[in-house]
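Here's the structure, in structure tokens; my notes come after.
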Amino acid sequence: MNIPTLEDRARQTLFKLALEPQWEVKFEPNSFGFRPGRSCHDAITAIYLQVCHQPKWILDADLAKCFDTIAQQPLLKKLNASPFIIRQIRAWLRAGVMDHFQFSETSQGVLQGGSLSPLLANVALHGMENYIARYCKGARVIRYADDLVVIHPERQVIDHAQQLLSKWLEKMGLAFKPSKTRICHTLNPVDGQVGFDFLGFSVRQYRMSKYKSGRSMKGFKTIIQPSRTAMYRHVQRLQNTVRSHKAAPQAALIQHLNPIIRGWSAYFSAQCSKKAYAKLDYLLYQKLRAWANRRHPYKSGYWRASRYWSVNQGEGWVFATKQGNKRMRLRTHVETPIVRHAKVQGSRSPFDGDWSYWATRMGKHPELPVRIARLLKQQRGRCSYCKLYFMSDDLLEVHHVDGNHHNNKWDNLTLLHQHCHDQVHSGVQDKHPVVEEPCEATSLMHGFADQRGG
């Protein structure tokens, strides 16, 4: 592993900005790692769409030392860039490593610690999905960086796919990691295990009655939830935080726990996590109760509950305290809502020019002002008047709900088509009332050249 200097990191970022739009057009649709506009949740949703209708066999694989063993010459040939870019990237790849004043050559692998290495790794692994689809009919490859799964209803096809992938990876100097590569089934146990873990989620199917409430069912149900390993690590982190604040004030403990709970819950909020949330809240309560007992061993349980929880204020078992005039409350996992994630469409790329789709999805786009993009996301890409989706060639304007052009609060602004905006001000509102939504934006018309107030 070599860590480039700040100057080299800046240069690598420039090369990435030049190469990324070109390769985003080529990358396969089920490649999700280290790509703009794609996330772990897209990969999990893609897996769900492949297994929800039928039990499948799975090749759950991981690559051994992916970044350290990529063959450099095949990578440069595959990159197929201009001579200037190839020379500079080759220089970075072969720069070597200085460790404790000892120089070591880097004859294989890609540079790590820079912004260019994830793109180079994706280039090296590009073509895997199309290769398997060509020789294993019906098989699907879903990859996030160096973690991948191959999905097919038949075991023989999965075995064949594993052999083909092993040979394909050898050309790039890569190989499967035996300890993290296995074949499993989503419904039936294999070696005592059902399903598999991927990106912190547990993917498996459960048997159920084929007839329920007069309806014919499939006989199984696909459930994706936080894996046991992910929950164990989270509990350990919560426990270590509580232990490190044995003598700290309650407000300090709450201040350190809330970001941990908020971040972990937000990551797993796109799947079936309510039971896991409830279990984690119970385990955290046990640790907080032990924390309170240790601080006041000679006080009664009623006194400790009144001191650290809001049971006497009618709020139940809420771990809270006052710090000056501010009341601090510990978040719970279960208060995080479950919101299903919509998978990115096919081979779409943020560089395809469809600002309407990407701003609605991500809440930002380089061609749009920040407020316009956030408004598109909040309105889910729909006009508040006609309820139709905005298109990239539509004329958009901002409407002030109360008619006061100086009131630019979020609850007073909404985004409309230009012709819908004209109908609103002409008094034609009997069939399509404008819905007030929290938003903030400025006018938008063909590159925002013409701005009109609402």
Side-chain angles (χ1 to χ4, degrees), residues 29-32 39-62 129 132-133 136-144 147-162 165 180-232 234 264-265 267-280 333-334 336-346:
N30 286 322
S31 167
F32 300 100
S39 64
C40 300
H41 298 111
D42 290 310
I44 295 297
T45 306
I47 292 175
Y48 174 80
L49 294 176
Q50 291 295 326
V51 304
C52 64
H53 300 292
Q54 180 183 6
K56 300 288 182 69
W57 284 93
I58 306 293
L59 171 62
D60 180 17
D62 190 10
E129 182 179 346
I132 291 298
C136 298
K137 187 176 181 180
R140 294 290 182 268
V141 178
I142 298 174
R143 181 176 64 84
Y144 188 92
D147 293 336
L148 62 98
V149 294
V150 183
I151 305 173
H152 195 272
E154 299 178 5
R155 171 67 183 265
Q156 295 80 2
V157 177
I158 293 295
D159 293 331
H160 184 49
Q162 185 176 8
L165 281 179
K180 292 188 177 181
T181 300
R182 69 187 187 95
I183 295 178
C184 58
H185 195 265
T186 56
L187 183 61
N188 302 320
V190 178
D191 297 331
Q193 296 183 356
V194 182
F196 63 100
D197 294 346
F198 193 74
L199 301 177
F201 291 89
S202 174
V203 183
R204 65 169 296 183
Q205 293 168 334
Y206 297 84
R207 297 187 183 277
M208 59 182 301
S209 175
K210 292 186 178 181
Y211 299 94
K212 187 175 181 180
S213 301
R215 296 180 300 170
S216 177
M217 310 297 289
K218 292 179 291 188
F220 66 92
K221 187 174 184 179
T222 305
I223 295 181
I224 301 179
Q225 56 188 342
S227 66
R228 292 185 178 181
T229 303
M231 292 181 62
Y232 175 78
H234 183 57
W264 196 91
S265 302
Y267 177 76
F268 290 99
S269 63
Q271 301 297 333
C272 306
S273 303
K274 278 300 183 182
K275 288 185 177 180
Y277 287 168
K279 183 176 181 179
L280 290 170
H333 296 81
V334 295
T336 302
I338 301 297
V339 181
R340 299 299 180 186
H341 181 78
K343 177 182 172 296
V344 63
Q345 294 179 2

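Predicted, not measured: the structure shown is a model, and the values here were computed from it. In what follows, residues are counted from 1 in the order of the sequence shown.
- For S39, the side-chain hydrogen bond (donor to acceptor under 3.5 Å, both in side chains) partners are D42, not counting sequence neighbours.
- Within the structure, side chain to side chain donor-acceptor pair (under 3.5 Å) pairs that include any residue of residues 148-157 comprise R155-D159 (at least two apart or interchain).
- Atom CE of M231 is separated from atom OG1 of T229 by 11.0 Å, given to the nearest 0.5 angstrom.
- By the side chain to side chain contact (heavy atoms under 4.5 Å, CB included) test, K221 pairs with M208, I223, sequence neighbours left out.
- No donor-acceptor pair closer than 3.5 Å links the side chain of H41 to the backbone N or O of A342.
- When the salt bridge (charged side-chain N to carboxylate O under 4.0 Å, His left out) test is applied to D60, no partner is found at least two apart in sequence or on another chain.
- The side chain to side chain contact (heavy atoms under 4.5 Å, CB included) test applied to T336 returns S265, S269, Y277, R331, not counting sequence neighbours.
- Atoms CD1 and CD1, on I58 and I151 in that order, are 4.5 Å from each other to the nearest 0.5 Å.
- For A46, the side chain to side chain contact (heavy atoms under 4.5 Å, CB included) partners two or more places apart in sequence, or in a different chain, are N30, F32, I142, K343.
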If you look only at distance, which donor and acceptor atoms sit under 3.5 Å apart when one is on a side chain in residues 186-201 and the other is two or more places apart or in another chain?
residue	atom	partner	partner atom	Å
T186	OG1	K56	N	3.1
T186	OG1	K56	O	3.4
T186	OG1	Q205	OE1	2.7
N188	OD1	R207	NH2	2.4
Q193	OE1	R182	NH1	3.3

### Message
Would V203 and V149 count as a side chain to side chain contact (heavy atoms under 4.5 Å, CB included) here? Give the steps.
### Response
CA-CA 12 Å; V203 183; V149 294; over 6 Å; no
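- Annotation for A278 and V334: closest pair N-CG1, 3.5 Å, computed over non-hydrogen atoms.
- Among residues two or more places apart in sequence or in another chain, the side-chain hydrogen bond (donor to acceptor under 3.5 Å, both in side chains) test is passed with T181 by none.
- The heavy-atom pair separating R143 from S31 by the smallest distance is NH2-OG, 2.8 Å.
- Counting only distance, with no hydrogens or angles, the side chain of S273 and the backbone of A276 share no donor-acceptor pair below 3.5 Å.
- Looking at every heavy atom in both residues, C40 comes nearest to Y267 through CB-OH, 3.6 Å.
- To the nearest 0.5 Å, atoms OH (Y206) and OG1 (T222) are separated by 10.5 Å.
- The two residues I132 and A161 have their closest heavy-atom pair at CD1-O, 3.9 Å.
- Pairing each heavy atom of Q54 with each of F220, the nearest pair is N-CZ, 3.6 Å.
- Of the inter-residue distances, the one linking I224 atom CD1 with Y48 atom OH reads 7.5 Å to the nearest 0.5 angstrom.
- K274 NZ to I338 CD1: the interatomic distance, rounded to the nearest 0.5 Å, is 5.5 Å.
- Looking at every heavy atom in both residues, C272 comes nearest to Q225 through O-CB, 3.1 Å.
- Taking the side-chain hydrogen bond (donor to acceptor under 3.5 Å, both in side chains) definition, one finds that H234 meets it with H333, sequence neighbours left out.
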